[in-house]
Structure formats: structure tokens, C-alpha cells
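Structure first, commentary second.
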Amino acid sequence: MQSINPATGQIIQSFSIWQAEEIDAVLKHVESAQIEWSAFNFAQRSCLMHNLAQIFRQRSEEYANLITEEMGKLLKEARAEIEKCAIGCEHYANQAEFYLRDEIIASDASRSLVVYQPLGTVLCIMPWNFPFWQLIRAAAPAMMAGNTIVLKHASNVPRCALALEDAFRQAGFPEHAFRTLMVSAEQVQAVIADRSIAAVTLTGSSTAGRKVAAIAGQHLKKCVLELGGSDPFIVLDDADIESTAQQALVARLQNMGQSCIAAKRFILIDTIADAFVEQLSILFSRLQIGDPKHEATGIAPMAREDLRNELHEQVERSLAAGAKLVSGGTVTGTGIQGSYYAPTILDHVRPGMAAFDEELFGPVAAIVRVKDTDDAIRLANQTQFGLGGSVWTRNTARGEELARQIHAGSVFVNGIVRSDARLPFGGIKESGYGRELSYHGIREFVNIKTVWIK
Ligand SMILES: O=CCCCC(=O)O
């Protein structure tokens with residue numbers, strides 16, 4: 001496993017992958033720790049989760065630099081990610097007991113109730129794009145419910161994975177309540193199969209989701225999958241073009257476009273399409289490519305060179321299929337080592353083109369022109385994905401009506417799709433199943449037990 005700085009191409013550190021004996025030993029420890037951890041009451045768990053939030057804030061600069069060095073995002077975005085982790089920990093520290101309170105249900109018993117109890121050890125298989133937050137989004141609720149965690153992180157962020165383990169230890173969690181496994185993708189099958197693992201949560205591609213779901217299914221283990229997306233960003237003809245284009249820029253280029261919930265297909269009503277594209281391309285052209293640690297930089301590298309090359313290939317296939325290049329479309333970095341890609345706008349994208357049919361995980365906006373709102377909804381739903389979507393209009397009642405017609409796990413009206421610990425997060429169709437965050441998220445990894453008393 002190698003930690004490589006995507007802004008320079010330099011190897012920061014290399015790590016050896018664990019052998020089976022080491023994996024076994026850690027899984028046993030985490031399994032035993034779960035018995036100890038589940039005996040902690042909510043107040044005790046909450047106290048440690050608050051400590052963790054505090055550690056994120058105290059060590060924010062260190063962690064943010066680590067993220068930027070390992071996967072390339074802008075340092076200011078990395079700082080925001082760490083703050084989001086602190087907020088997520090606090091949310092579950094404060095709400096878990098309420099979310100998992102016993103529910104008394106009237107039935108033919110003298111007393112019947114539902115109690116929520118931990119499942120055991122949850123394996124978190126996590127991606128590199130938000131290397132701290134994706135893990136905390138899954139682990140904070142699961143741990144507050146009394147589960148322990150083993151993390152298999154993406155192989156390009158090993159230092160983030162180890163820093164997370166250290167943060168839990170610093171916060172005072174039992175020694176093996178949270179452990180990072182230094183394992184390869186090939187070793188994951190055996191980990192899922194191990195009897196110490198009760199359930200699995202994966203954030204990653206639909207391809208990875210299929211594999212993990214198949215293995216978990218074979219071993220009858222519960223899994224939650226948060227997979228890819230191709231979120232529509234629908235602009236109606238009454239939207240404010242200037243402010244909506246500014247939001248579009250953030251929605252597409254956040255995290256250098258490497259987010260499952262980034263806006264990917266910009267569906268524009270014909271009458272405003274020219275003005276919108278012009279505005280968006282002006283905004284794109286102002287961004288400076290450079291060192292992700294510099295305040296003035298707007299375009300950071302993508303996380304890995306192979307991912308950048310794959311994106312470029314999707315752009316080239318879309319152009320060959322008839323899309324029109326408005327700006328970008330080039331691999332930048334001649335003479336630079338980093339895996340940069342110029343912010344790109346493709347116009348006249350239609351179904352059948354890579355930019356419409358596939359997830360574009362990078363700084364490329366696909367413009368889809370439509371004649372009316374019916375056409376907009378039809379095309380928004382013409383995808384195998386169903387993660388998020390947004391509608392932009394001055395008429396919020398109309399926006400809500402359209403939000404209900406979009407097939408996705410969350411739809412925002414006049415707002416960028418984002419996760420929020422108070423609201424459920426997840427997708428339908430090939431974007432996965434199950435929900436994270438809110439009370440829905442914490443109830444994914446519990447035994448929802450009925451107790452019936454005559
Ligand atoms: O790739 C998915 C990114 C989700 C980020 C979030 O939870 O805000």
C-alpha cells in the first residue's frame with residue numbers, strides 16, 4: 001500500500017499488507033472489545049464520542065494536511081471535512097439514546113416493546129474521496145449503538161486510515177473498539193466471511209457494491225451500500241441564472257468532482273440554456289490550477305493518475321459520440337507531475353453518451369438541453385443511478401412537486417445535494433440500499449428486537 005501525493009506524484013510512505021494471522025488476531029480482539037463496549041451505557045459512549053469530536057477540532061490542521069497530501073483535495077475542503085466529522089460525532093453523541101429508545105407498542109400482550117441492540121462488529125469498507133468523513137458517517141452511529149468497527153480503507157489513503165484508529169484511541173475508546181485493517185481488496189472476502197463480522201457497510205462504486213453484496217449475501221450478513229451517482233441538476237426557466245450557475249460550479253467541482261453526490265448532469269430548459277452555459281464557462285475559466293494547499297487554488301489534482309486518465313477517456317468517448325466541447329477537455333500538467341484535469345464543460349450531451357450514461361467522477365459538467373419540465377424529469381430519471389438530485393427554480397412549490405418525481409434518495413430544491421447528520425442519506429437503484437445518518441442510519445446495524453410479555 002502506498003501513500004502518493006497526487007499533486008506531485010511523490011511517494012510519501014509505503015506500508016506492508018497484513019498476513020492472515022495478523023488479521024485474525026485483530027478480528028478476535030475487536031470481537032472481544034464489542035462485549036466490553038456494548039456494556040457501556042449511552043452516557044459513557046456519548047462522553048467518548050464527544051472526546052472524539054474534540055480531537056477532530058484540536059488536530060484539524062494536522063488531519064486536513066494529511067487528507068490533502070494523500071488524496072489531493074483543496075486544503076480548505078479538507079478542513080471542512082474534519083469539521084463535519086466533529087459535527088457528526090456530536091450529533092450521535094447527543095441523539096443516539098433518543099434514536100434507540102425502547103418503543104412500547106400496544107398488542108395482545110400485557111406489555112410489548114421494541115428494543116434496539118447492537119449486532120456485533122461492523123466492517124466498514126471506505127473510499128478515498130472523503131477519507132475521514134465517510135468513515136465517521138458510518139462509524140459514529142454504529143458505535144453509539146454498541147457495535148465495534150473494523151475499517152478497510154481505500155489503499156491510497158493508508159495514513160488517513162491509521163490516523164483514524166489513533167483518534168479513537170486518543171479519545172479513550174476501549175483499545176480494540178475501532179481497528180484499521182491494512183488489507184488489500186482481495187483479502188476483503190475472507191474478512192467478510194469471518195465469523196467475528198456481523199455486518200458490512202460499503203461506500204464505493206457500484207462495481208464494488210455488487211461484489212461486496214454478493215459475498216455478504218453468501219454469508220447472510222446484513223449490508224448497507226452507498227454507491228455511485230449521476231445526480232441531475234435541473235434548472236427551470238424561472239431560475240436566477242447567475243446565482244444558480246455559481247451553485248452549479250460548487251455542486252460539480254466540490255472535491256474536484258470526486259463525490260457520489262456531485263451534480264453530474266446539468267439539465268437545462270432550452271430557453272435559458274445558452275445563458276447558463278455562458279455563465280458557467282466564465283466561472284470555470286476563472287479557476288486557477290495549482291497547489292491544493294494554496295488558498296488561491298481552485299483546481300486541485302484528482303486523487304490518482306489512473307482515475308484522471310479514465311475520466312479523460314470518458315470525455316473523449318462523449319465527444320466522439322457528438323457532445324460539444326465548451327471548455328477544458330485536456331489533461332493538464334505537462335511538465336507537472338500531478339494528476340490534474342482541466343475543468344470541463346460538455347454541451348449537447350444525450351443518452352447513449354458516456355457523459356450521460358456513466359458516472360463522471362471528476363471536474364466535468366455534462367449539459368443536457370430539454371424542451372420542458374416533463375422532458376427534464378424524464379431524462380433526470382433515465383439513469384441506472386438514484387442517489388441525489390436538485391431542482392432550481394423561483395417557484396419552490398413547483399420545485400417540491402418535481403422533487404417528488406425524481407427517482408433518488410434525496411432531492412434538494414434550490415440547494416446543493418449534501419449529507420446532513422439529521423437527515424437520511426443513501427440511494428436507490430444502482431446507487432445502493434440502506435440509509436446512513438439520522439435515526440434511519442443508526443437503526444441499520446441493530447437487532448430490532450420484539451419483547452412480548454403475557
Ligand atoms: O461520494 C460520496 C460523498 C458523500 C459526501 C457526504 O457525505 O457529504
Side-chain angles (χ1 to χ4, degrees), residues 26-53 88-105 113-126 135-152 164-165 168-169 171-181 191-203 212 216 219-226 421 424-426 433-452:
V26 169
L27 291 180
K28 283 198 178 69
H29 284 312
V30 180
E31 191 181 17
S32 312
Q34 199 272 323
I35 297 166
E36 178 192 353
W37 176 239
S38 63
F40 280 48
N41 62 30
F42 279 111
Q44 293 165 320
R45 290 180 205 158
S46 169
C47 177
L48 298 182
M49 201 49 83
H50 275 297
N51 289 350
L52 185 60
C89 290
E90 286 167 348
H91 177 80
Y92 281 103
N94 295 332
Q95 299 298 326
E97 186 167 12
F98 174 70
Y99 286 162
L100 298 182
R101 67 201 179 281
D102 293 351
E103 284 176 70
I104 310 293
I105 311 268
L113 63 158
V114 180
V115 299
Y116 297 96
Q117 296 177 324
L119 285 184
T121 298
V122 180
L123 168 65
C124 297
I125 307 173
M126 291 293 141
L135 179 275
I136 292 299
R137 197 178 67 204
M143 291 190 82
M144 282 305 298
N147 301 292
T148 50
I149 298 289
V150 284
L151 166 65
K152 187 277 177 255
L164 281 160
E165 181 180 86
F168 277 91
R169 207 172 280 129
F173 284 78
E175 177 67 13
H176 299 288
F178 180 100
R179 290 298 308 269
T180 288
L181 302 178
V191 177
I192 297 174
D194 195 277
R195 46 159 295 285
S196 66
I197 298 296
V200 187
T201 182
L202 164 86
T203 298
V212 166
H219 297 281
L220 295 177
K221 293 186 183 176
K222 165 89 189 256
C223 74
V224 166
L225 301 175
E226 201 274 273
F425 182 78
Y433 48 72
R435 288 292 176 268
E436 296 190 278
L437 302 179
S438 85
Y439 71 84
H440 293 278
I442 200 169
R443 291 185 186 177
E444 288 284 4
F445 295 115
V446 288
N447 174 14
I448 304 172
K449 184 192 279 184
T450 294
V451 178
W452 187 99

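Starting from 1, each residue takes its place in the sequence as its number. Hydrogens, waters and symmetry mates play no part in the numbers below; they use all other heavy atoms, side chains included.
The ring-ring contact (aromatic ring centres under 6.0 Å, His included) search around Phe42 returns none, not counting sequence neighbours. Residues passing the side-chain hydrogen bond (donor to acceptor under 3.5 Å, both in side chains) test with Ser438, sequence neighbours excluded: none. Shown here are the side chain to side chain contact (heavy atoms under 4.5 Å, CB included) partners of Lys28, two or more places apart in sequence or in another chain: Asp24. Among residues two or more places apart in sequence or in another chain, the ring-ring contact (aromatic ring centres under 6.0 Å, His included) test is passed with Phe445 by none. In terms of the side chain to side chain contact (heavy atoms under 4.5 Å, CB included) criterion, residue partners of Ile448 (sequence neighbours excluded) are, by chain and number, Val114, Tyr116, Val446. With sequence neighbours excluded, the residues that form a side chain to side chain contact (heavy atoms under 4.5 Å, CB included) with His91 are Gln95, Tyr99, Ala421, Arg422. Taking the side chain to side chain contact (heavy atoms under 4.5 Å, CB included) definition, one finds that Ala138 meets it with Cys124, Met126, Thr201, Glu436, sequence neighbours left out. Applying the salt bridge (charged side-chain N to carboxylate O under 4.0 Å, His left out) test to Glu165 and every residue at least two apart in sequence or in another chain returns Arg169, Arg179.
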Evaluation steps, side-chain hydrogen bond (donor to acceptor under 3.5 Å, both in side chains), between Ser196 and Thr121: CA-CA 7 Å; Ser196 66; Thr121 298; 5.9 Å; no
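Note that the CE atom of Met143 and the CZ atom of Phe178 stand 7.5 Å from one another [nearest 0.5 Å]. Taking NZ of Lys222 as the start and CD1 of Ile197 as the end, the distance is 15.5 Å to the nearest 0.5 Å.
For Pro141 against Ile136, the heavy-atom pair with the smallest separation is CD-O, 3.8 Å. Across every non-hydrogen atom of Leu48 and Gly172, the tightest pair is CD1-O, 3.5 Å. Considering every non-hydrogen atom in both Gly146 and Gln34, the closest pair reads O-NE2, 2.8 Å. Nearest approach of Asn447 to Leu119, heavy atoms of both residues: N-CD2, 3.7 Å.
Looking only at distances, a side-chain donor or acceptor of Asn147 sits under 3.5 Å from a matching main-chain atom of Gly120. Side chain of Arg443 to backbone of His440: no donor-acceptor contact under 3.5 angstrom is found. A distance-only check finds no donor-acceptor pair linking the side chain of Lys152 to the backbone of Leu181 [under 3.5 Å]. Between the side chain of Lys221 and the backbone N or O of Ile192 there is at least one donor-acceptor pair closer than 3.5 Å.
Residue Phe40 qualifies as enclosed at atom CZ: its count of foreign heavy atoms under 6.0 Å is above 12.
The side-chain hydrogen bond (donor to acceptor under 3.5 Å, both in side chains) pairs that include a residue from residues 35-53 are His50-Asn94, where partners are two or more places apart or lie in different chains.
Between Phe173 and Phe168, the gap from one ring centroid to the other is short of 6.0 Å.
Using a 4.5 Å heavy-atom threshold, the side chains of Ile442 and Met144 count as touching.
Residues Glu226 and Arg435 are not paired through a salt bridge, judged by the lack of any N-O separation under 4.0 Å between the basic side chain and the carboxylate.
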